[in-house]
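Working notes, structure below.
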Amino acid sequence: MRCCPGAVASLTYTNMAKVAINLSTGALQQEEVIVGIDLGTTNSLVAYIHPETKKPVAINDLGRGTIVPSVVHFTQNGETIVGNEAKDYLTTDPANTIYSVKRLLGKSYKDLGEHKDYFGYKIIDDDSEGLVKIRLGDKFYSPIELSAEILKELRARAEHALKTPVNRAVITVPAYFNDSQRQATRDAGKLAGLEVLRIVNEPTAASLAYGIGIDPSEEKTIAVYDLGGGTFDISILSLHQGIFEVLSTHGDTYLGGDDMDRAIINYWIEENQLVADTLNQDKNLQQELRLKAEEAKKALSQQQIYTSKVNGTIECGITRHKFEELIAPIVAKTIESCRQAMGDAKRTPEQIDAVIMVGGSTRVPLVYEAVSEFFGKQANNSLNPDEVVALGAAIQADILAGNRKDILLLDVTPLTLGIETMGGLMDSIIPRNSKIPTKAGRQYTTSIDGQVNMKISVYQGERDLVKENRKLAEFDLKGIPAMPAGFPKVDVNFILNADGILKVEAIELRSGVRQEVEVKPQYGLTDEQVEQMLMDSITHARDDVSARMVIEARTTAEQMLYQVERFLEKNGQHLKQEEINLTRENLQKLRDVLPSGDKDQILKAVDNLEEQTSPFAERVMQISIKQAMAGKKIE
Ligand code: AMP
């Protein structure tokens with residue numbers, strides 16, 4: 001359909017589905033297990049509803065424990081190892097061992113900001129808005145692919161332990177995850193061969209695990225305090241008619257139990273008068289102290305005193321009293337976050353009906369006491385804080401499967417709604433299974449200098465390439481003032497009302513230019529067509545994700561070519577002839593590999609060009625600053 005500016009085109013969804021998804025496959029479906037997955041920064045878990053007890057259980061395959069460390073190691077001969085076995089390589093082969101990949105999901109290099117050096121492996125720095133990539137030797141991985149490795153392992157463990165195929169899952173994400181991070185999590189699930197029924201907020205899952213939110217008539221305000229190994233967040237949720245709304249969230253994505261371990265190590269260093277330099281050089285000693293500190297911390301959750309030695313000589317003793325003194329600033333920081341979150345949610349502690357504890361570090365007695373004191377009530381910690389999110393995700397999966405007849409199912413969108421972005425890719429705005437009414441949006445910009453029009457094409461469907469999806473509408477946002485590429489800010493909002501009518505609006509924020517289209521009842525889809533579209537997205541998941549990655553690599557490459565060529569045109573006079581020649585050579589190499597369709601080759605050429613040219617920008621900046629200064633006189 002074509003829309004002229006100002007015209008109203010319409011299209012409707014006649015077939016709003018109920019979430020009790022019988023759309024996907026045939027009769028076996030009812031028997032199939034749907035799992036709940038907590039894809040964590042440090043640890044991940046998978047849980048399911050036990051068919052007899054109807055209670056959620058975390059899966060412990062082969063007695064290896066329920067917790068799977070979120071660590072992926074790539075061996076020399078191309079094998080992938082995930083979990084505890086991979087963790088051992090963190091010290092012996094850090095460049096090929098990926099941890100904390102969740103911190104990178106859906107992020108651009110710019111987003112990482114000051115935390116770039118946190119990672120022991122190589123993150124590609126193309127200083128762009130593009131999503132980060134990780135380089136291991138000659139291969140490039142996206143955080144989506146690496147997260148998919150963790151999900152594949154969880155899926156395999158579930159299949160092995162339950163002796164049944166596992167094809168569908170609910171995956172949790174932090175409440176503060178943005179659209180791009182949620183989409184990346186969905187994509188990782190798809191790549192692991194899972195149909196992701198829903199992405200659920202971690203605090204919502206934790207509440208469900210405690211039975212809050214199961215009865216739709218319940219009205220409650222809940223605080224979920226989540227202190228893990230490396231991250232902390234507090235979320236204030238309001239539960240109304242079976243829907244959880246996040247009122248506020250606060251936290252520190254670089255604060256957790258690891259900081260407590262470090263506080264203990266520093267104390268031991270002081271007590272034993274260890275010299276920092278010797279310690280810095282002795283990786284083994286560092287590692288032993290780290291393990292010992294964690295052991296001490298865990299022991300002090302039960303007892304008052306801990307004593308041990310490292311290397312037979314270094315005294316590693318600590319009392320609970322001392323430990324509490326050391327970690328007091330960490331705990332105080334988290335309580336300050338709670339205060340902020342309560343302020344943002346406009347709630348007082350008396351208005352909080354329940355406080356839920358999540359994450360291994362909430363086992364520390366001081367943490368429990370401080371949180372209970374702040375909220376003026378005993379926090380809920382009867383469930384295992386490591387498992388509670390996965391258990392809740394399993395409950396949500398069970399609800400979505402329609403197994404809980406007592407639960408009201410809400411109207412949802414049967415298929416994802418999104419728009420076309422560079423290279424014909426589908427950018428999803430409202431994911432399928434979102435309850436309606438709903439509203440979502442994203443910001444876009446131009447890719448060419450002086451671009452004054454932007455075409456907005458609206459699609460529905462689950463495939464990565466828009467050509468495989470259904471086109472609903474298209475319009476041009478005209479009259480964007482001419483600006484350099486990347487300057488205009490275009491907000492695209494999707495508003496889906498309770499009748500399933502979709503309004504798409506695009507606004508350029510600097511100029512206020514605005515255009516909208518209302519997508520109304522034209523062609524309804526049959527349930528069979530929806531079913532087919534869902535099936536296709538799973539069958540083609542691998543190919544789709546590969547195609548997406550090649551297109552993304554190509555787009556990054558094209559932008560890089562455009563920028564470097566423009567740079568040479570404008571600033572060539574500041575470069576030496578050899579530098580210009582080498583840049584031209586590298587530009588040509590990149591142009592040559594572009595048609596190859598090999599994302600690793602393309603990204604390698606981008607990386608080379610980037611590494612070679614990145615010092616230029618700074619040099620040119622210095623020259624312009626000098627020139628500007630020279631032009632000014634001090635009176
Ligand atoms: P999570 O990221 O939620 O898996 O939490 C892991 C963190 O919980 C790590 O820093 C662990 O050292 C910490 N942890 C686990 N068990 C205990 C315990 N019994 N007492 C104190 N901290 C613990």
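Whatever order the structure lists ligands and atoms in, that order sets their numbers, starting from 1. One is the number of the first residue; the rest follow in order along the sequence. On a predicted model such as this, the values are computed, not experimentally measured, just so you know.
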Which residue and heavy atom of the protein sit nearest [atom], plus the separation:
atom	answer
atom 2 (O) of ligand 1	G229 N, 2.9 Å
atom 19 (N) of ligand 1	R363 CD, 3.4 Å
atom 4 (O) of ligand 1	N43 ND2, 2.9 Å
atom 10 (O) of ligand 1	K297 NZ, 3.1 Å
atom 23 (C) of ligand 1	G360 O, 3.3 Å

Give the numbers and elements of all ligand 1 atoms closer than 4.0 Å to a heavy atom of [X].
X	result
E294	9 (C), 11 (C), 12 (O)
G228	1 (P), 2 (O), 3 (O), 5 (O), 7 (C)
G257	10 (O)
V364	21 (C)
G359	3 (O)

Answer yes or no: are there more than 12 heavy-atom neighbours, outside [X] itself, under 6.0 Å from its atom [atom1]?
X	atom1	result
Y141	OH	yes
K87	NZ	no
Q76	CD	no
E373	CD	no
R542	CZ	no

Record the part of S301 in heavy-atom contact with ligand 1 below 4.0 Å; permitted values are side chain, backbone, both and neither. side chain
Any G40 heavy atom less than 4.0 Å to ligand 1: no
